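In this text, all values refer to a predicted model and were calculated from it rather than measured experimentally. Whatever order the structure lists ligands and atoms in, that order sets their numbers, starting from 1.
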Amino acid sequence: MDFYQRSIDIILENQHASGAYIASPNFPTYHYCWFRDASFVAYSMDLVGQTASSQRFHAWAASIVNQRLPMIERTLQLVAAGSPIEKIEVLHTRYTLEGEDGTLEEWPNFQLDGFGTWLWALNEHRVRNNISLPADWIKAATATANYLEVLWHQPCYDCWEEFPDKLHLHTLAAIYGGLQACQELDGKDRADTLAQIKSFVFDRGVIAGHFAKFIGSDTVDASLLGLSTPYNLVAHDHPLMQATVLEIEKILSQGEGVHRYNSDTYYGGGEWVLLGAWLGWYYAETGQKLKARKLISWIESTADKLGYLPEQVPETLNDPEFYQPWLDRWGKIATPLLWSHANYLILNYRINH
Ligand code: BGC
């Protein structure tokens, strides 16, 4: 099967008329559009030349933010006045495909990384297509960056929607990457905040010679790969980054794929397709193409007969006892998962360009 073309088709088939990308069409809990997932999907569409698709997503995302400008303004004022975080309104991490806040069930909505990722993907869209962006998109980007600038040092749920009382290095890196990208979009100088985030990560986020999952954690999380690729807070070849990757390889990659973190129990804590792609992306950026290609083959081996890539595969499970309870609760592992396909496409592109 041509997995590359299949991935493009699956993504395009699952883009809603509104421009939103559903996280997974066959997994009821994921019938929403997450800023995090969808920004990677849009980036992958830019890489493969499906610019109209990424353009429709960015228009959707900008309208989500622009419809909430009064709320963002209220939040900025309350934070400036020292209001406790529990009392303020926040941008949700996911929206219905029509662009409404999802209210059917409780959701851990205070997550900042997806908005940083969106700003990064938006700037990539501009640069790759050599275009200037509509003024209302820039307005949304500036509001998003202002929101991130006042909230970056607040604990929030991480990219796995867990540990709300922690400050997560992946989240900080995504905010950093997003603010840096936004400087290029709106020309507003954010150097002070960028410097503060970077020193905070280096001063507080290092344990035993490598970066930590969150401030105070003694272990790694595979999402730490984002510190260098793509958010560029740390150089690929910085000794701390290299030590972090070694640690990820050692404790999170016993099989062919990559676990999120060693005590993850979601569906037993299997090997995540998109994390295989992220590790491969780091390898591709550092000239380790053979290792990157091995991950491409592993990802392709996880596809089903329809070419659908799952969120994770139940191999080398951290804790097999948790597999069945999640099956009973939410059904079979999300397949296809759009950002698994997106990150597979990104890895392909990165190996070949
Ligand atoms: C993952 C998130 C993801 C969401 C939708 C969650 O289980 O932890 O990273 O954004 O699913 O795909």
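R94 does not count as a contact of ligand 1, since none of its heavy atoms falls under 4.0 Å from the ligand. Not a single heavy atom of E162 sits less than 4.0 Å from an atom of ligand 1. Under the 4.0 angstrom criterion for non-hydrogen atoms, W339 is in contact with ligand 1.
Between R36 and E161 there is a salt bridge, with a side-chain nitrogen of the basic residue lying less than 4.0 Å from a carboxylate oxygen of the acidic one. Residues E184 and R126 are paired through a salt bridge, judged by an N-O separation under 4.0 Å between the basic side chain and the carboxylate. Salt bridge D101/R94: absent, no basic N to carboxylate O contact under 4.0 Å. Remark: E271 does not engage R260 in a salt bridge, criterion side-chain N to carboxylate O under 4.0 Å. With respect to D186 and K139, no salt bridge is recorded, no charged nitrogen being found less than 4.0 Å from a carboxylate O.
Residue, atom and distance of the protein heavy atom nearest to atom 11 (O) of ligand 1 are Y30 OH, 3.0 Å. Summary of contacts: the protein heavy atom closest to atom 8 (O) of ligand 1 is R260 NH1, 3.1 Å. Nearest non-hydrogen protein atom to atom 2 (C) of ligand 1 is C159 O, 3.4 Å. The nearest protein atom to atom 5 (C) of ligand 1, hydrogens excluded, is given as D37 OD2, 3.2 Å; this is a heavy-atom distance.
Inspection of the E98 and S18 side chains reveals no N or O donor paired with an N or O acceptor under 3.5 Å.
At a heavy-atom distance under 4.0 Å, only side-chain atoms of W34, from C-beta outward, approach ligand 1.
Distances between N or O atoms of W272 and those of ligand 1 include no value under 3.5 Å.
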>> Would Q183 and K188 count as a side-chain contact (heavy atoms from CB on, under 4.5 Å) here? Give the steps.
In response: CA-CA 5 Å; Q183 291 193 140; K188 196 173 159 209; over 6 Å; no
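Of all atoms in ligand 1, listed by their number and element, those nearer than 4.0 Å to a heavy atom of E311 are 7 (O), 11 (O).
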